[in-house]
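As structure tokens, the structure follows; a few thoughts come after it.
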Amino acid sequence: MSAPASRPASAPVRVPAGTTAGAAVREAGLPTTGPSAVVVVRDADGKLRDLAWAPDSDAEVEAVAADTDEGRSVIRHSAAHVLAQAVQQVRPEAKLGIGPPITDGFYYDFDVDQPFTPDDLSKLESSMKKIIKAGQRFSRRRFDSHDDARKELADEPYKLELIDIKGAPGEDPGDEIVEVDASGELTIYDNVHAHTGETVWSDLCRGPHVPTTRFIPAFKLMRTAAAYWRGDEKNPQLQRIYGTAWESQEALDAHLQRLAEAERRDHRRLGAELDLFSFPEEIGSGLAVFHPKGGVIRKELEDYSRRRHEEAGYEFVNTPHITKGQLFETSGHLSWYREGMYPGMHLDEELNADGTVRKPGQDYFLKPMNCPMHNLIFRSRGRSYRELPLRMFEFGSVYRYEKSGVVHGLTRVRGMTQDDAHIYCTEEQMQGEIRSLLQFVLDLLSDYGLDDFYLELSTRDPEKSIGSDEAGSARRTRCARRPRLRPGPGARPGRRRLLRPEDQRAGQGRDRAQLADVHHPGRPDAPGPVRARVHRGGRVAPAAGHDPPGAVRLHRAVLRRAHRALRGGLPGVARPGAGRGHPGHRRAGALRRGRARQLKAHGIRVEVDASDDRMQKKIRNHTMQKVPFMVLVGGRDAEAGAVSFRFRDGTQRNGVPVADAVAAVADWIGSRTNTSPTADSFAPAP
RNA sequence: GCCGGUGUAGCUCAGUGGUAGAGCAACCGCCUUGUAAGCGGUAGGUCGUCGGUUCGAUCCCGACCUCCGGCUCCA
């Protein structure tokens, strides 16, 4: 889903004082039309400038072509202006919000009386095409003062707000607001008629822009949506239009092609097509049932996970799905996570005849997290430091109340089963535990076919987190990639999110696996005191002071949800129906059943397709079901004591002796390869 | 939660103010098959749910529910 790679930077261009960058670019013989047309330049300070920019003194600039990330952003931003102009033509009452370029496109927010309809979109596209064809020039104009700007934009309340934000000392509007920036300048872009020189439309904007609207070679409006002004639901809701724009029609087509491909690989679509899981309306939004084939996948993933955890020294625990509220009072969940929890059930209350309460009841809650329960196990008796590290693992089902508008396939659900673990250790053991845990998680993810991901290290937010900085002072852990420091989001009160792998194939980064949180003793929800000693100089020595130091708890979940493994096909560890036998000829019937039995004897899941469909039909069916090994037994194979393989990519391997075939399939599965076998990659021993 | 869209057979979708159709799947036959759809037939729907308008509603109106997209481009 990534955009085509950027072209390398071109040689510097010299812009003589008083002349425009555009003239210098033309002078240098760089393209001014086509996909590689130069759309802006970058000055010596790294700032992007319009081609109409004329420096006061000679300047060295770098040309930025349309088919680069930056070039596309400029095109998209300019397309957003064209969209806004088109909207205000049709709806003069529309007030402008913001209109930035984004990954693969742009959007613009409008305050309008009536939301846009799909019909409006196609009309707006036509209007935009007219504007683009007219070749309006983007002309930069600088306001002399904020008051001038306010006067000119008196009818645009949201723009006025942006001016005020800019005016406020010490307030950085942030990169995402392209209308204004932190510099001293406040600028507006006029769209100037190509022939009359008349300004037809203007928008507050820091720029830069393409020279004329003709430099927007290909665009498409994608969808409408509502968006709160500045992302805050307390603010008015604006109507947003999303679009995409590219340096050429071909690039646009390729992008649409990628979107279609992504849709085909959507786990929700796979879930339905391959009969893996569904979300019955009768059960409720965000609550999945797994069908037999989906169940096989889960079972394989879970069996494998359990085995690996066992080898890595984890112990298995089990906890209930529901608990009295007190547990989550102690943990703090009910104070800061309440809106993410299902409301409590008030139980066991008894009333007197007169209606007064004789026995007060209790509130029970579905658990949104497993940690407090694991803590109770930890605390169930006095713990010795000799027991540490204590690693508890559970496939724990948790229930979270997600707002109705956000549930989404298996990625945002109201009930799910986590591969959840907590490691209780001393502060001294923590570093080593984090190190081994990280390696363990990376290995496991890799076995699931997730080997391309992003790690980040979230640091403590001093305002939100509680407790001292020491135990958790995040230790950077070396791994496949250097973790990126990122303050903030790890900062839910009292917890610290250390690392999370990010699956690149997740697309919009919507999907994140929480990998490790550190919980410091001293928190009310901390694991509790432990008779621990600290290690000094390799020797175990009594902890200083009278207070037991307590255990530190590491928290981690690897897969979190089964869908992660479903993305982009199925991992080799968990394909339903590893092979399908196919009787090529009726006489081969007994034979194929016998061969299926041989495969089953090796623990391979085999189904025999005994339907009387033509072979082409069977191949088509099973290919669409993504069966990795299709085993065909026809008359020729039967006579030769062999079988034939057909793979998902259409390649085949015919006449393989039965014993070799069985061994080769067993080998393949044992190797935990995550790609689909092909005639090339699957090589039975001769 | 909010905004918009959507809901017709198991699936993908047509369609109409006078209680519905196709393809695939299923089932039953015929064909006896060598690498991505053989042929014929049968059956299958409270047109998301509940209300309203109407002589009559799947269609028009309202509410609710489901699902899809989005709610500072961000990992």
Side-chain angles (χ1 to χ4, degrees), chain A residues 73 76 97-107 109 112 114-121 173-178 222-242 263 266 268-269 272-273 275 278-286 339 401-409 453-456 458 484 486 488-489 500-504 506-513 582-589 611-624 630 632-638 644-655:
Chain A
S73 283
R76 287 163 188 161
I98 60 172
I102 57 177
T103 306
D104 290 345
F106 61 90
Y107 66 80
D109 289 342
V112 284
Q114 292 296 319
F116 298 104
T117 64
D119 202 34
D120 291 333
L121 278 196
D175 275 352
E176 71 275 13
I177 297 179
V178 293
M222 303 299 284
R223 62 178 66 94
T224 60
Y228 297 102
W229 170 240
R230 307 195 67 207
D232 188 337
E233 54 189 293
K234 292 186 206 75
N235 286 336
Q237 200 165 45
L238 307 181
Q239 294 300 316
R240 173 171 299 181
I241 296 177
Y242 281 92
E263 195 187 325
D266 189 300
R268 290 168 297 184
R269 185 169 168 141
E273 284 177 356
D275 194 16
S278 61
F279 293 89
E281 198 171 318
E282 294 84 343
I283 295 180
S285 188
E339 62 183 25
Y401 179 73
E402 299 283 0
K403 288 191 288 183
S404 63
V406 304
V407 296
H408 181 92
F453 45 81
Y454 177 96
L455 288 176
E456 78 172 27
S458 300
R484 183 163 119 181
R486 188 162 177 275
R500 53 192 189 196
E502 215 32 75
D503 180 356
Q504 290 286 359
Q508 299 302 306
R510 196 175 263 140
D511 184 34
R512 47 193 64 168
H582 169 271
H585 193 276
R586 185 162 279 182
R587 286 171 308 181
S611 72
D612 58 358
D613 285 330
R614 292 289 188 278
M615 179 160 45
Q616 288 94 319
K617 184 65 178 292
K618 292 185 181 185
I619 285 169
R620 177 180 155 83
N621 287 157
H622 300 137
T623 302
M624 291 198 303
M630 260 180 278
L632 289 73
V633 185
R636 291 205 289 275
D637 291 314
S644 294
F645 286 96
R646 170 163 174 129
F647 304 100
R648 283 180 54 203
D649 66 345
T651 56
Q652 33 182 306
R653 232 186 152 85
N654 297 331

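No hydrogens, no waters, no symmetry mates; every other heavy atom, side chains included, goes into these values.
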TODO: Test for a donor-acceptor pair under 3.5 Å between the base of B:U35 and the side chain of A:Q652, counting only N and O atoms.
DONE: yes
Open item on the list: Under 4.0 Å from OP1 or OP2 of B:C3: is there any side-chain N or O of A:K403 that close?
Closed with: no
Open item on the list: Which heavy atom of A:S285 sits nearest to which heavy atom of A:V407, and what is that distance?
Closed with: OG-CG2, 3.1 Å
Open item on the list: Using the C1' atom as the point on both nucleotides, what is the distance between B:C55 and B:G69, in whole Å?
Closed with: 42 Å
Open item on the list: Taking the minimum atom-to-atom distance to the side chain of A:P115, which one of B:G1, B:G4, B:U72 wins?
Closed with: B:G4
Open item on the list: Please find the pair of heavy atoms, one from A:L238 and one from A:G97, that lie closest to each other, and give the distance.
Closed with: CD1-CA, 4.3 Å
Task: Whole angstrom value for the distance that separates C1' of B:C71 from CG of A:D232 - done: 11 Å
Heteroatom pairs (N/O) under 3.5 angstrom, protein to nucleotides 41-46 of chain B:
none

Open item on the list: Suppose you measure atom C1' in B:C61 against the same atom in B:G1; what distance do you get, rounded to whole Å?
Closed with: 26 Å
Open item on the list: I'd like to know if A:Y228 reaches the base of B:G1 with its side chain, counting only an N/O donor and acceptor under 3.5 Å.
Closed with: yes
Open item on the list: Tell me whether the side-chain N or O atoms of A:R646 pair up with the base of B:A36 as donor and acceptor below 3.5 Å, since no angle test is needed here.
Closed with: yes
Task: B:G41 versus B:U58 - spacing of their C1' atoms, nearest Å - done: 29 Å
TODO: Give the dot-bracket string for RNA chain B, reading 5' to 3', where a pair is Watson-Crick or G-U wobble with both distances under 3.5 Å, ( ) marks pairs inside the strand, [ ] marks pairs crossing earlier ones, | marks a partner on another strand, and . marks unpaired.
DONE: (((((.(..((((....[..)))).(((((.......))))).....(((((..]....)))))).)))))....
Task: Interatomic distance, A:I283 CD1 vs B:U66 C1' [rounded to whole Å] - done: 13 Å
Open item on the list: To the closest 0.5 Å, what do you measure between CD1 (A:I98) and CH2 (A:W229)?
Closed with: 6.0 Å
- [ ] Answer with yes or no whether A:R240 presents, from its side chain, a donor or acceptor under 3.5 Å of a partner atom in the base of B:C3.
- [x] no
Open item on the list: If you assign A:K617 and A:N654 each to the RNA chain B nucleotide with the nearest heavy atom, which residue ends up on the more 5' nucleotide?
Closed with: A:K617
Task: Nearest-Å distance for atom pair CZ/C1', residues A:R614 and B:G40 - done: 13 Å
Open item on the list: Given B:G70, B:A37, B:C68, identify the nucleotide with an atom nearest to the side chain of A:Q237.
Closed with: B:G70
Open item on the list: Using the C1' atom as the point on both nucleotides, what is the distance between B:C68 and B:U6, in whole Å?
Closed with: 7 Å
Task: Distance in Å, A:M615 CE paired with A:R620 CZ, rounded so as to fall on 0.5 Å steps - done: 16.0 Å
Task: Touch class at under 4.0 angstrom, heavy-atom based, for A:G286 against every strand present - done: sugar-phosphate
- [ ] Look at the side chain of A:T623 and decide which nucleotide, out of B:A36, B:G4, B:C3, has an atom nearest to it.
- [x] B:A36
Task: Backbone of A:T117 reached by a side-chain donor or acceptor of A:D120 within 3.5 Å - done: yes
TODO: Report which part of the nucleic acid A:Y401 touches: base, sugar-phosphate, or nothing (heavy-atom distance under 4.0 Å, all strands).
DONE: sugar-phosphate
TODO: Calculate the interatomic distance between A:D109 atom CG and B:G4 atom P; express it in whole Å.
DONE: 16 Å
- [ ] Quick one: list whatever passes salt bridge (charged side-chain N to carboxylate O under 4.0 Å, His left out) with A:D266, sequence neighbours left out.
- [x] A:R268
Open item on the list: Checking contacts here: which listed nucleotide (B:A37, B:C71, B:G69) is nearest the side-chain heavy atoms of A:Y242?
Closed with: B:C71
Open item on the list: Just the rounded figure in Å: distance from P of B:G38 to CG of A:D613.
Closed with: 7 Å
Open item on the list: Taking the minimum atom-to-atom distance to the side chain of A:R620, which one of B:A37, B:C3, B:G34 wins?
Closed with: B:A37
TODO: Determine the interatomic distance between C1' on B:C47 and the same-named atom on B:G21; round to the nearest Å.
DONE: 12 Å
Open item on the list: Using only modelled atom types and a 3.5 angstrom limit, is any donor from either the side chain of A:S644 or the base of B:G34 paired with an acceptor on the other?
Closed with: yes
Open item on the list: For A:P118 and A:D266, find the nucleotide of RNA chain B closest to each by heavy atoms; which residue's nucleotide sits nearer the 5' end?
Closed with: A:P118
TODO: Considering only atom P, compute the distance from B:C13 to B:G51 and round it to an integer number of Å.
DONE: 30 Å
Open item on the list: Measuring from atom NZ of A:K618 to atom CZ of A:R646, what distance do you get when rounded to the nearest 0.5 angstrom?
Closed with: 14.5 Å
Open item on the list: Does A:A227 reach a base, just sugar-phosphate, or nothing at all? Heavy atoms under 4.0 Å.
Closed with: sugar-phosphate
TODO: Kindly point out which of B:G69, B:U35, B:C73 is positioned nearest to the side chain of A:L632?
DONE: B:U35
Task: Polar side-chain atom of A:T623 near backbone of A:I619 as donor-acceptor pair, under 3.5 Å - done: yes
Task: Whole-angstrom distance between B:A43 and B:C31, as gauged at atom C1' - done: 23 Å
TODO: Please tell me if the side chains of A:Y228 and A:P236 come closer than 4.5 Å, counting only heavy atoms from C-beta onward.
DONE: no
TODO: Could you state the atom-to-atom distance from CD1 of A:I102 to C1' of B:C71 in whole Å?
DONE: 13 Å
Task: Value in whole Å for how far the C1' atom of B:C2 lies from CG of A:N235 - done: 13 Å
TODO: Drop me the distance from A:R76's CZ to A:T103's OG1, to the nearest 0.5 angstrom.
DONE: 8.0 Å
Open item on the list: Among B:C68, B:A36, B:G70, which nucleotide has an atom closest to any side-chain atom of A:R268?
Closed with: B:C68
Open item on the list: Tell me the interatomic distance from A:E273, atom CD, to B:G10, atom P, rounded to whole angstroms.
Closed with: 18 Å
TODO: For B:G23 versus B:G15, give the span between their C1' atoms, rounded off to a whole number of Å.
DONE: 15 Å
Task: Close side-chain approach of A:F647 and A:R653, heavy atoms under 4.5 Å - done: yes
Task: Candidates B:G34, B:U35, B:U72 - which lies nearest the side chain of A:R230 - done: B:U72
Open item on the list: Less than 4.5 Å apart, side chain to side chain, heavy atoms only: is that true for A:T651 and A:F645?
Closed with: no
- [ ] Look at A:S285 and B:C67 and indicate whether a side-chain polar atom (N or O) is within less than 4.0 Å of OP1 or OP2.
- [x] yes
Open item on the list: Check the phosphate of B:U35 against A:H622, side-chain N and O only, distance under 4.0 Å to OP1 or OP2. Yes or no?
Closed with: no
Task: Non-hydrogen atoms of A:M630 and A:H622 that approach each other most closely - done: SD-CB, 3.7 Å
